Protein chains: 2
Amino acid sequence: MQRITELQNKVEQTLAEQAFANSPMGLYEPIDYIMGIGGKRIRPVLCLAACELFNDDISQALQPALGFEIFHNFTLLHDDVMDNALVRRNQPTVHIKWDTNTAILSGDAMLIKAYQYIAKLPAPLLSAILPLFNQTALEVCEGQQYDMEFEKRDDVSIDEYIEMIRLKTAVLLAASLKGGALIGGANETQAQLLYQFGINIGIGFQLQDDYLDSFGDTESFGKAIGGDILANKKTFLLINALQLSSGKTHNQLKDWIQKDLFDAEEKIKSVKSIYQEVGVEELIKNKMIYYYEEGMKALEQVNGDEKIKIELAGFALKLIERIR
Amino acid sequence: MQRITELQNKVEQTLAEQAFANSPMGLYEPIDYIMGIGGKRIRPVLCLAACELFNDDISQALQPALGFEIFHNFTLLHDDVMDNALVRRNQPTVHIKWDTNTAILSGDAMLIKAYQYIAKLPAPLLSAILPLFNQTALEVCEGQQYDMEFEKRDDVSIDEYIEMIRLKTAVLLAASLKGGALIGGANETQAQLLYQFGINIGIGFQLQDDYLDSFGDTESFGKAIGGDILANKKTFLLINALQLSSGKTHNQLKDWIQKDLFDAEEKIKSVKSIYQEVGVEELIKNKMIYYYEEGMKALEQVNGDEKIKIELAGFALKLIERIR
């Protein structure tokens, strides 16, 4: 994973050189803040690595790679407003540190900034990658919409859930990879294999995120544990627990979902104990492995630099196995 | 103005053919709603007319023209959330008809949709117009930021105010014109003259909007009269009234600004009466004429179809003189 680490450093260094905090500060300072509080820079690293599969010179991919990262952070900013999340990466969210109007408007400016970085591509590449970026960005919004709708529904199926996380999380990883491949000179078939790799590891990654939201620890997860449980988020864990539990356990789970007044700690503890009783921990781990292996099948078919392929495989495994 | 009317019809017809209301409906229906409740389609009409100054075939400008209109409606959607406006074009605003989260997310999707329409340009034009669109979109956000900041400040100067409305309103009209001119084949100098025309009529247009917000009537203005007065918006009217009033009148005006508890109707009536007493009505009208004439000076230098130039001049005059 030496090259991935180098690319991560390259992304951090280039981000640090960007002057996000311009005038008016009330608009741009929150952008500087959220871009500066970290994250693993997964999307730009995937973009650069995918470019390097096909081309030793990755300089043309650097600015668009940042565009993918800025877009991702824009979605976090607006999602945190919509979910009323208080903490992100162990720091107060923008709408808490400033206010909701600031979070809305700075988020809008960030989305436009993302396009400014994509727009740095030369003409023929821009015409190929801008539609991919547009389509992906809309799909991410669709994913967030489904996510919010699912909170109010009790009949979400596993298929619907997987489709939601494909849209909300996986397509952006996939587009970062495909975009990087196209910039590196890959043909459509090769670029599409990287897209498939991204979709599969993206779904695996989100399943892991759901798992950690219930079973991780606050410090390393970077936000409060149990948020999904408190919000009755129809995650892979909850949907399966509802389907697989029966009798008293099933009724207890439904009671917790329906209760309006409860002690937060007690709800988290009880629902986690039901998850363990029903065995959904094992189930989600198997599902993660399934998507990882599907991703690997796509990656193996790529005709790119073998060393970078191995690095990408290792990075994907780390993403899915992460104990943050 | 026959050609302008034809272009307006062309825009309406093309908009009606767009399928904004896709699945998930919760995301896309508000886009269909706000795009459907009217407006004068000023930006796409300016874009098409500017294209036609230089080219009989305006077909290539049609989709980007819609992009400018969709972007404009996106800003209305998010601005209405930030200003907590209840009514837009005599209809409930999106965050009232649906909810705030819907307004945020559908607005995001609209901004991306705007880019989808811009992205339909062929490669060389896209590379020229996308940076213009990006820069303009950021400036519009900056204008909204200044607008919100000015509400909390008591020392806003006329120059700061004019710069704010240049950013918030004028640059988008200017970019629609410049973009249309470039699509029509204009060189940079010619396109820039249209940009200057747009800046000046845009500032005049916003001054008119401020005037109507206090002195128009609800039915034709499409939203409640006196909103600016109630929000202590530092408009051209209020800034001048603060500077030009003295003694008892000045103190009365400051009292109205500082009062937390008041009868809305009484505040609007009293502040309007101060505006009339101080003579800021006359002042704002002279300022509108100044910007209209500056705009005309730029338009006159354009080497384009003379008939379209006359139509554009007439359209600009109507915009600034509008009694909606």
Side-chain angles (χ1 to χ4, degrees), chain A residues 22-28 71 74-75 78-79 81-84 99-149 152 164 167, chain B residues 22-28 71 74-75 78-79 81-84 99-149 152 164 167:
Chain A
N22 283 316
S23 182
M25 288 299 276
L27 180 67
Y28 291 115
F71 177 81
F74 144 74
T75 66
H78 273 192
D79 285 4
V81 176
M82 291 182 258
D83 300 341
N84 198 20
D99 54 40
T100 298
N101 280 358
T102 300
I104 294 173
L105 191 60
S106 293
D108 293 345
M110 267 185 103
L111 175 50
I112 298 160
K113 277 254 157 212
Y115 277 101
Q116 278 193 322
Y117 280 83
I118 300 292
K120 291 178 184 172
L121 283 165
L125 277 172
L126 181 61
S127 285
I129 287 165
L130 186 60
L132 168 70
F133 189 80
N134 285 332
Q135 178 63 29
T136 304
L138 272 185
E139 286 174 346
V140 173
C141 291
E142 292 172 8
Q144 169 68 2
Q145 176 68 25
Y146 284 122
D147 196 14
M148 294 195 298
E149 286 179 6
K152 295 171 205 153
M164 182 275 282
L167 293 166
Chain B
N22 283 316
S23 181
M25 288 299 276
L27 180 66
Y28 291 115
F71 177 81
F74 144 74
T75 67
H78 273 191
D79 285 5
V81 177
M82 290 181 258
D83 300 340
N84 198 20
D99 54 41
T100 298
N101 280 358
T102 300
I104 295 173
L105 191 60
S106 293
D108 293 345
M110 269 186 101
L111 175 50
I112 298 160
K113 277 254 157 213
Y115 277 100
Q116 278 193 323
Y117 281 83
I118 300 292
K120 290 177 185 171
L121 283 165
L125 277 172
L126 181 61
S127 285
I129 288 165
L130 185 60
L132 169 70
F133 188 80
N134 285 331
Q135 178 64 30
T136 304
L138 271 186
E139 287 174 344
V140 173
C141 291
E142 292 172 8
Q144 168 69 2
Q145 175 68 26
Y146 284 121
D147 196 14
M148 293 195 298
E149 286 179 6
K152 295 171 204 149
M164 183 274 283
L167 293 166

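Small disclaimer: the values here were computed from a predicted structure and weren't measured. Convention: sequence-line order gives letters A, B, ...; per-chain numbering from 1.
- With a 4.5 Å cut-off on non-hydrogen atoms, B/L130 touches chain A through its side chain but not through its backbone.
- If you measure heavy-atom distances from A/L27 to chain B, the contacts under 4.5 Å come from both the backbone and the side chain.
- The parts of B/I112 that come within reach of chain A are both its backbone and its side chain, each placing non-hydrogen atoms under 4.5 angstrom from that chain.
- Neither the backbone nor the side chain of B/F133 comes within less than 4.5 Å of any heavy atom in chain A.
- A distance of 6.0 Å separates CD of A/E142 from CD of A/E139, quoted to the nearest 0.5 Å.
- Counting heavy-atom pairs closer than 4.5 Å to chain A, the top residue among B/D99, B/L126, B/V81 is B/L126.
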Let me see the working for A/I104 and B/M82 under side chain to side chain contact (heavy atoms under 4.5 Å, CB included), right down to the final yes or no. CA-CA 8 Å; A/I104 294 173; B/M82 290 181 258; 4.1 Å; yes
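- By number of non-hydrogen pairs under 4.5 angstrom with chain A, the leading residue of B/D108, B/N22, B/T102, B/D83 is B/D108.
- Rounded to the nearest 0.5 Å, atoms CD1 (A/I118) and OH (B/Y115) are 10.5 Å apart.
- Closest approach of A/T136 to A/L132, counting heavy atoms only: OG1-O, 2.6 Å.
- Contacts with chain B were tallied for A/A123, A/P24, A/S127; A/P24 has the most, counting heavy-atom pairs under 4.5 Å.
- Between atom CD of residue B/Q145 and atom CG of residue A/L105 there is a gap of 5.5 Å, rounded to the nearest 0.5 Å.
- Both the backbone and the side chain of B/S23 come within contact range of chain A, each with at least one heavy atom under 4.5 Å from a heavy atom of that chain.
- Only the side chain of B/E149 comes within contact range of chain A, with heavy atoms under 4.5 Å apart.
- Contact count against chain A (heavy-atom pairs under 4.5 Å) is highest for B/A109 among B/A109, B/P131, B/S106, B/A128.
- Under a cutoff of 6.0 Å and an axis angle of 45°, B/K120 and B/Y117 form a cation-pi pair.
- The candidate with the highest count of non-hydrogen atom pairs below 4.5 Å against chain A, out of B/A119, B/P124, B/G26, is B/G26.
- To the nearest 0.5 Å, atoms CG (B/N134) and CG (A/L111) are separated by 10.0 Å.
- Ring geometry, A/H78 versus B/H78: the interplanar angle exceeds 60°, so the pair is classed perpendicular (tilted spans 30 to 60°).
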